[in-house]
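Below, read A as the first sequence line, B as the second, and so on, with proteins coming before strands; counting in each chain starts at 1.
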Number of protein chains: 2
Amino acid sequence: MAATIKDVAALAQVSVGTVSRYLNGYEVSETNKRKIDEAIRRLDFKLNPVARSLKTSKSMTVAVVVPALANIFSMSIIEGIERHLDQYGYSVIVCDSQSDVQKEKSKLQFVKDKYVDGVVIMPTGSDGTHITEVLGDELPAVLMDRLVEDVKLDAVLVDNVNAVYQAVERLITLGHRRIGMITGPKDIYTAKERQEGYRRVFVDYNLPIDENLIRYGDYTEDTGYKLMSEFMRLDCPPTAVFVANYEMTIGAIMAVNEFGIQIPDQLSLIGFDQLELSKLIKPSLSVVVQPMAEIGQKAAEMLYQRMRGNCDNFPQVIRLKAHFIEGQSIKRL
Amino acid sequence: MAATIKDVAALAQVSVGTVSRYLNGYEVSETNKRKIDEAIRRLDFKLNPVARSLKTSKSMTVAVVVPALANIFSMSIIEGIERHLDQYGYSVIVCDSQSDVQKEKSKLQFVKDKYVDGVVIMPTGSDGTHITEVLGDELPAVLMDRLVEDVKLDAVLVDNVNAVYQAVERLITLGHRRIGMITGPKDIYTAKERQEGYRRVFVDYNLPIDENLIRYGDYTEDTGYKLMSEFMRLDCPPTAVFVANYEMTIGAIMAVNEFGIQIPDQLSLIGFDQLELSKLIKPSLSVVVQPMAEIGQKAAEMLYQRMRGNCDNFPQVIRLKAHFIEGQSIKRL
DNA sequence: TTGTAAGCGTTATCAC
DNA sequence: GTGATAACGCTTACAA
């Protein structure tokens, strides 16, 4: 069996209280320090975090709940979180809500019941009452990527509006007017924001918006493919298309390839989220990229502050910049 | 404060023992069942897993340690693991070893000290003494993707040899002889296996192996780019190139694009691991794809069996098939 | 079946 | 500073 604090105390000939205090950084006499150190070494003693948790009600564990684990966006963020929290001794539990609000709720309940010290959520769905309902306001939590209704929590977001604005504006200055947009579900925050960026350019430039050129997908490769195909089949197809997330960008490119459309000669295209794509595809794709690692890092830092009891200006919303990177997939009309 | 089992016992007017037994599935009289259920409901009682862990020495948590979190391979596997273990009530802690053996060791120590019930490792480096050293043989562990020396553990692997064999053989039947290979570090298991597949074809077909056409990268995009560029600059460049992992495939494609090489007219190319690529790139890339989700699922299942104490034919090695998917990136010479 | 009580390995509150 | 000791919330003999 593993050695306990009692064994250490016995071997060092001090009380368990003294050992515990030493372990927790309180003052202990030099002599005892030495004796305890020696005993710990000889017994290869490791403090039992479970027992500690029982007393302190701190598990040194946080949970990250995302709509899907197997995509670059989630994982880059999780990597950022893990890396940041590692230094403080926290471990990170990952939960896949599978874009299902019910599942999200049960996962949240699950980790709460497991006594995690905090949770960071990339919420699925538009409404977040179930989040507050489960988490209460005891358990520190921070939202990322998306805001949801009826939730008062810290959040780390990306300035989608401006990033998209920039990209679409560029198309306009290149002379495009029929600009298609493949965006996400109407009830998802980021989709709304990205659409807002698109619309704002048109308004600012005094151009009419053709609602027929705004198509709503569900952020999957399939709908990206489908909606891009729809555009291609239009009597008067758009001269440029902006796709509002990564998976749909993939689908859209597949459609473009299948239709044999030449980019950028027959169609200007702007994608989302993966710089890699820009380098892989010929001609290089223009993309809006989000600072994924930074999202994770900021969310982790925020959560850490809250877990330490720092309640300064709650709820706080951090907005990170996304960037438009121009490749050779767009051209002047 | 949250209700405890004592509160439930008091309200239901039974002993804590009875409540505990009921909670753990032992027989309890119908009357008491009802009374306890009622009390649990009224108090919104949740069993405290920390206290339970302290008694049972089971944390219902497993750790997954990978060389990098933010890549498709790791993520897909982790998703598979999380999904599979979820049904049994386990949560999954993720750890990034950053391809650093020291870090891997300390992460392993960290999760062991946290009393996880099991760990699945995608080991970094070629030697695994530090793994056994830290884990001992108490803590169930399963390896995945790679085998390492001096470690006797269950493992879930992919049949790299045959998958690569198939791909390279196809090139040979198409008439190629000067087939370049961009492979991984000499000390990494999968790289060795993939190279073995390549060599075996040549041997089986009685063809000479040109060592100059086998280049060793380190599984990063950068070396994929660099090594492919080297091939392009050769006086007599290969007519076909096989790239042995995903990141290097990306790099290789970037180099090809940059050199303006026409695929497959000037060069036949086979990549690795991402079916997506095959659909995205024009002409569609031929690839060897691994069953990632299945790796995770199998690893999880194995670990679960071990955690339950099932020690049948330990150590067990499961080998999954990878598949060669032919696209339009290779042509008859 | 049920109640009682002794832990599990810590931390924290006392007196000293 | 230090030692004794009572929790923390649960599981599990043991007895009844």
Side-chain angles (χ1 to χ4, degrees), chain A residues 1-40 42-61 89 112-117 138 309, chain B residues 1-40 42-61 89 112-117 138-139 308-309:
Chain A
M1 268 330 282
T4 77
I5 207 174
K6 276 185 189 164
D7 304 320
V8 174
L11 187 58
Q13 308 197 63
V14 297
S15 73
V16 290
T18 305
V19 179
S20 174
R21 279 188 292 263
Y22 177 50
L23 257 22
N24 286 285
Y26 295 93
E27 273 316 314
V28 165
S29 72
E30 273 306 320
T31 349
N32 283 342
K33 248 181 224 176
R34 244 188 302 278
K35 287 199 285 186
I36 295 172
D37 275 332
E38 169 70 4
I40 289 179
R42 284 190 29 203
L43 295 168
D44 188 30
F45 165 79
K46 302 275 167 45
L47 202 148
N48 182 329
V50 179
R52 168 180 275 181
S53 291
L54 185 56
K55 278 303 281 189
T56 61
S57 305
K58 298 258 150 286
S59 63
M60 294 305 281
T61 302
K112 187 192 177 182
D113 292 346
K114 272 218 165 183
Y115 284 59
V116 296
D117 296 338
E138 301 284 82
Chain B
M1 266 333 280
T4 76
I5 207 173
K6 274 186 190 165
D7 303 322
V8 174
L11 187 58
Q13 309 197 61
V14 297
S15 72
V16 289
T18 304
V19 179
S20 174
R21 280 187 291 263
Y22 177 52
L23 257 23
N24 287 286
Y26 295 94
E27 272 316 314
V28 164
S29 73
E30 273 307 321
T31 349
N32 284 342
K33 247 181 227 178
R34 244 187 302 279
K35 287 199 284 184
I36 295 172
D37 274 333
E38 169 70 3
I40 288 179
R42 284 186 34 199
L43 294 169
D44 189 30
F45 165 79
K46 301 276 167 43
L47 203 149
N48 182 331
V50 179
R52 168 181 274 180
S53 292
L54 185 56
K55 277 303 281 188
T56 62
S57 305
K58 297 256 150 289
S59 64
M60 294 304 281
T61 302
K112 188 193 177 183
D113 293 345
K114 271 219 165 180
Y115 284 59
V116 297
D117 296 337
E138 302 285 81
L139 186 56
R308 311 185 46 178

> Reckon B:S15 has a side-chain N or O less than 4.0 Å from the OP1 or OP2 of C:dG3?
Replying inline: yes
>> To the closest 0.5 Å, what do you measure between CG (A:L23) and CZ (A:F45)?
In response: 5.0 Å
> How long is the line joining OH of B:Y115 and C1' of D:dC10, in whole Å?
Replying inline: 17 Å
> Rounded to the Å, how far apart are B:K6 NZ and C:dA5 P?
Replying inline: 12 Å
> To the nearest angstrom, how far is A:L54 atom CG from D:dA6 atom P?
Replying inline: 17 Å
> Touch check for B:F45, heavy atoms < 4.0 angstrom, all strands: base, sugar-phosphate only, or nothing?
Replying inline: sugar-phosphate
> Atom CD of B:Q13 to atom C1' of C:dT4: distance rounded to whole Å?
Replying inline: 18 Å
>> Taking only side-chain N and O atoms of B:N32, does any of them lie within less than 4.0 angstrom of OP1 or OP2 on C:dT2?
In response: yes
> Which part of the nucleic acid, if any, lies within reach of A:K46 when heavy atoms closer than 4.0 Å are counted: base, sugar-phosphate only, or nothing?
Replying inline: sugar-phosphate
>> Do B:S59 and A:V50 make a side-chain contact, defined as non-hydrogen atoms from C-beta onward lying under 4.5 Å apart?
In response: no
> For A:G89 and B:K114, which heavy atoms make the closest approach, and how far apart are they?
Replying inline: O-NZ, 4.2 Å
> At what distance, to the nearest 0.5 angstrom, does CG of B:N24 lie from CZ of B:R52?
Replying inline: 5.0 Å
> Would you say a side-chain N or O of A:S29 is under 4.0 Å from OP1 or OP2 of D:dT2?
Replying inline: yes
> How does protein contact run along nucleotides 11-16 of chain D, one letter per nucleotide 5' to 3', with B for base contact, S for sugar-phosphate only, - for none, heavy atoms under 4.0 Å?
Replying inline: BBB---
>> Can you confirm whether A:N32 sits close enough to A:K35 that some side-chain heavy atom of one is under 4.5 Å from a side-chain heavy atom of the other?
In response: yes
> Taking all atoms of both residues into account, what is the closest heavy-atom pair of B:A9 and B:V16, and its distance?
Replying inline: CB-N, 3.7 Å
> Atom CD of B:E27 to atom C1' of C:dT2: distance rounded to whole Å?
Replying inline: 13 Å
> Rounding to a whole Å, what distance do you find between B:K58:NZ and C:dC8:P?
Replying inline: 16 Å
>> What is the distance, to the nearest angstrom, from the NZ atom on A:K33 to the C1' atom on D:dT2?
In response: 15 Å
>> Rounded to the nearest 0.5 Å, what separates atom CD1 in B:I36 from atom CZ in B:R21?
In response: 9.5 Å
> Base, sugar-phosphate, or nothing: which does B:Y22 touch, judged by heavy atoms less than 4.0 Å apart?
Replying inline: nothing
>> Considering every strand and a 4.0 Å limit on heavy-atom distances, what is the contact class for B:V28: base, sugar-phosphate, or nothing?
In response: sugar-phosphate
> Atom CG of A:N48 and atom P of C:dT10: how far apart are they, to the nearest Å?
Replying inline: 5 Å
